[in-house]
Protein chains: 2
Amino acid sequence: MGQVSVRDVARHAGVSVGTVSNALNRPDSVSPDALARVRASIGELGYVRNEAARNLRSGVTASIGLIVVDSQVPFFQDVGRGAADEAADRGIALLYGSSAEDPARERMYLDLFEEHRVRGLLIAPVGDVSRRLHQLRERGIRSVLVDRFSGEEPVSSVSVDNVAGGRMAVEHLLATGRRRIAFVGGPLTLRQVTDRLAGARVAADESGLPVSVEVVATETTSVAAGVAAGERLLAREPADRPDAVFAANDLVALGLLQAIVGDGRLRVPEDVAIMGFDDISFAAAAAVPLSSMRQPSTTIGATALRILLEESEDPDTIPRQTVYQPELVVRRSTVASA
Amino acid sequence: MGQVSVRDVARHAGVSVGTVSNALNRPDSVSPDALARVRASIGELGYVRNEAARNLRSGVTASIGLIVVDSQVPFFQDVGRGAADEAADRGIALLYGSSAEDPARERMYLDLFEEHRVRGLLIAPVGDVSRRLHQLRERGIRSVLVDRFSGEEPVSSVSVDNVAGGRMAVEHLLATGRRRIAFVGGPLTLRQVTDRLAGARVAADESGLPVSVEVVATETTSVAAGVAAGERLLAREPADRPDAVFAANDLVALGLLQAIVGDGRLRVPEDVAIMGFDDISFAAAAAVPLSSMRQPSTTIGATALRILLEESEDPDTIPRQTVYQPELVVRRSTVASA
DNA sequence: GAACGACCTTGAAACGTTTCATCGTTCGTT
DNA sequence: AACGAACGATGAAACGTTTCAAGGTCGTTC
């Protein structure tokens with residue numbers, strides 16, 4: 001396989017290799033004549049820059065790593081898409097990895113990406129990676145946390161204000177006349193879940209209304225968990241049932257919807273309102289379109305990538321937290337006429 | 001930033017750089033004593049192999065590229081996950097790109113990945129890339145087509161038998177007593193769509209029953225297109241309505257389901273059965289769980305990756321087509337008691 | 001007409017690996 | 001005791017690029 005090198009181009013164009021390199025990277029510093037000849041030769045010979053050699057010599061890599069918790073979760077897919085598109089615009093390749101909620105797998109990707117000397121790392125961590133990220137940073141690889149508030153750590157982060165989101169969600173339910181609210185989700189060790197619940201309680205407390213907020217804990221935030229929780233609610237005495245359910249995310253909400261609508265005894269939203277979180281694309285496509293709190297998922301990915309690039313260019317920038325506010329999206333699962 | 005190189009390790013362990021390299025890549029050819037010293041030094045110094053230098057010198061890259069049509073389509077997400085997991089097991093990084101149905105974007109990723117000298121390419125093409133893939137192959141980069149039968153081209157492919165899938169879907173509908181079948185999907189220029197339709201017609205023809213197969217064309221295979229098609233069906237005179245709908249994919253089917261169930265006049269499956277294709281994870285989570293044709297999406301991705309690696313190791317292998325058979329998954333949208 | 005800048009170009013060094021021909025030891029055989 | 005195979009270790013060359021000090025060629029200025 002005859003790989004065409006910068007040397008071949010130089011010979012063909014009748015210039016030195018240094019000039020070819022300049023034509024490629026600093027076209028202004030090359031005479032129009034030489035530039036044209038180099039470009040013609042590149043076309044004729046089919047030269048394609050070797051990124052490995054470029055990286056090796058210059059120390060600058062044109063790739064970044066993305067490690068998400070679960071590639072099956074729509075939210076992370078959107079984040080990834082936002083980051084990938086933003087990277088593509090800059091000619092940067094995205095190394096993709098999913099930890100599948102397995103800390104060992106997460107470490108494996110961290111190692112792999114370090115070997116590739118990625119310019120930086122976008123990560124939604126599952127295990128405790130703060131020491132490792134610190135180490136990477138000392139070795140010149142910056143990280144930005146995604147969907148996680150870094151707070152104490154010396155790392156930038158891009159996330160959503162889950163407390164505010166929970167609060168807005170429940171304020172909406174209260175404003176539409178609901179008073180017996182069930183929060184469905186879990187595990188309650190997950191920061192995103194507890195923040196949303198905390199926000200829900202704030203809304204209830206500050207309303208000055210006689211509101212109850214009951215917690216129906218699930219083991220995961222999945223459709224199946226939502227279905228199971230829905231069946232538990234249906235098995236209750238009618239008087240004990242909530243008149244609104246706030247789900248920790250849309251997957252749980254869709255599960256609830258399936259259980260309740262499928263059962264047929266309760267109408268949504270007349271008998272019970274259902275509120276989700278994330279506004280994944282399937283939320284609007286549900287049998288009863290789902291009200292939800294929209295997260296700017298692709299924007300989160302794009303912003304995280306931009307911050308990462310800025311920081312990797314100037315290693316002295318200090319970490320910062322970017323927090324987006326979620327947005328209420330009202331559909332028929334909470335308001336019949338929506 | 002003090003990058004630790006193989007030279008530093010050699011010095012620290014009291015051996016030559018060649019021995020360090022051997023310890024890393026051919027541990028059997030190094031004496032136990034030297035091996036131990038090298039490994040100790042690696043740990044102590046925090047040495048991390050530089051993949052760019054390795055790649056440059058050896059000509060072997062530890063990364064492959066994946067280009068999908070649309071990162072929003074669940075099917076491709078599953079394919080990508082299958083490929084990524086398989087790659088991770090081998091310590092290979094996955095460069096991820098989505099063409100977003102834009103041929104220019106697709107070309108951009110092809111160029112980018114060539115610069116990275118990926119070992120090979122997994123691609124679900126949108127534009128006409130056969131010439132480009134041929135060129136890449138001559139330059140040592142093999143490709144495997146995903147979700148596309150290569151047929152004429154000298155490229156391997158991994159796909160699903162869409163004709164058989166369409167046939168099995170309609171056979172199921174006929175077996176459950178349906179006779180007036182509507183096929184909903186589009187555009188009819190898309191091979192996957194026309195194959196599924198062709199299969200549907202085969203089933204109808206071969207059944208020997210008085211069956212009608214009507215085509216309701218949509219512009220895309222999306223939830224929105226499904227909703228629109230559903231509304232069109234509802235607007236018809238009851239006598240003109242089909243008793244079963246076979247959707248080109250699950251997104252369309254979910255749209256149909258939303259329109260029909262939401263409307264409330266028709267019951268699913270009593271009045272109309274709905275059959276999807278792909279068996280995406282949300283199919284089971286729909287208000288009325290959706291019958292569908294399951295594609296082994298992650299297996300497709302994993303297989304494509306394996307084939308790619310085999311071919312890139314031995315450039316003389318001849319391209320082959322791998323075709324999987326889809327599998328009928330019966331749920332309540334076609335059979336009330338399922 | 002000499003001196004000076006401005007502007008391009010040059011060519012060798014360097015990046016961190018792997019490769020490979022060569023060299024030293026050791027040990028079993030004769 | 002001599003030989004040779006087997007085994008490990010060595011170190012310089014090479015991969016394809018970027019970088020950079022140095023050199024070359026003009027035109028301008030005094």
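By convention in this document, chain letters (A, B, ...) are assigned in the order of the sequence lines, proteins followed by strands, and residues within each chain are numbered from 1.
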(request) Heavy atoms under 4.0 Å is the rule here; annotate nucleotides 15-22 of chain D 5' to 3' with B where the base is hit, S where only the sugar-phosphate is, and - elsewhere. (result) BBBBB---

(message) Any carboxylate oxygen within less than 4.0 angstrom of a Lys/Arg side-chain nitrogen, looking at A:E114 and A:R132?
(response) yes

(request) Please check the phosphate of D:dA9 (OP1 and OP2 only) for any side-chain N or O of B:S16 closer than 4.0 Å. (result) no

(request) Please round to 10 degrees the angle between the axis of the first five pairs and the axis of the last five pairs in the helix from C:dG1-D:dC30 to C:dT30-D:dA1. (result) 50°

(message) Please classify the nucleic acid contact of A:S31 as base, sugar-phosphate, or nothing, using heavy-atom distances under 4.0 Å.
(response) sugar-phosphate

(request) Please assess A:D85 against B:R105 for the test salt bridge (Lys or Arg N to Asp or Glu O under 4.0 Å), listing each intermediate value before the final yes or no. (result) CA-CA 10 Å; A:D85 287 353; B:R105 206 171 180 77; 3.2 Å; yes

(request) Please report the shortest heavy-atom distance between A:D8 and A:Q3, naming the atom on each side. (result) OD2-O, 3.8 Å

(message) Between A:R37 and A:D33, does any side-chain N to carboxylate O distance fall below 4.0 Å?
(response) yes

(request) With sequence neighbours excluded, tell me which residues meet ring-ring contact (aromatic ring centres under 6.0 Å, His included) with B:Y96. (result) A:Y96

(message) Between A:E310 and A:R320, is the salt bridge (Lys or Arg N to Asp or Glu O under 4.0 Å) condition met? List the steps.
(response) CA-CA 12 Å; A:E310 283 173 28; A:R320 59 183 143 147; 2.6 Å; yes

(message) Could you tell me how far apart A:D28 (CG) and C:dT9 (C1') are, to the nearest whole angstrom?
(response) 16 Å

(request) Would you mind reading off the distance between B:R11 atom CZ and D:dG11 atom P, rounded to a whole angstrom? (result) 13 Å

(message) What is the distance, to the nearest angstrom, from the CG atom on A:D33 to the C1' atom on C:dT9?
(response) 12 Å

(request) In plain terms, say whether A:E86 and A:R90 are close enough for a salt bridge, that is, a side-chain N and a carboxylate O under 4.0 Å apart. (result) yes

(request) Please name the pair of heavy atoms, one in A:I307 and one in A:V158, separated by the smallest distance, quoted to 0.1 Å. (result) CD1-CG2, 3.9 Å

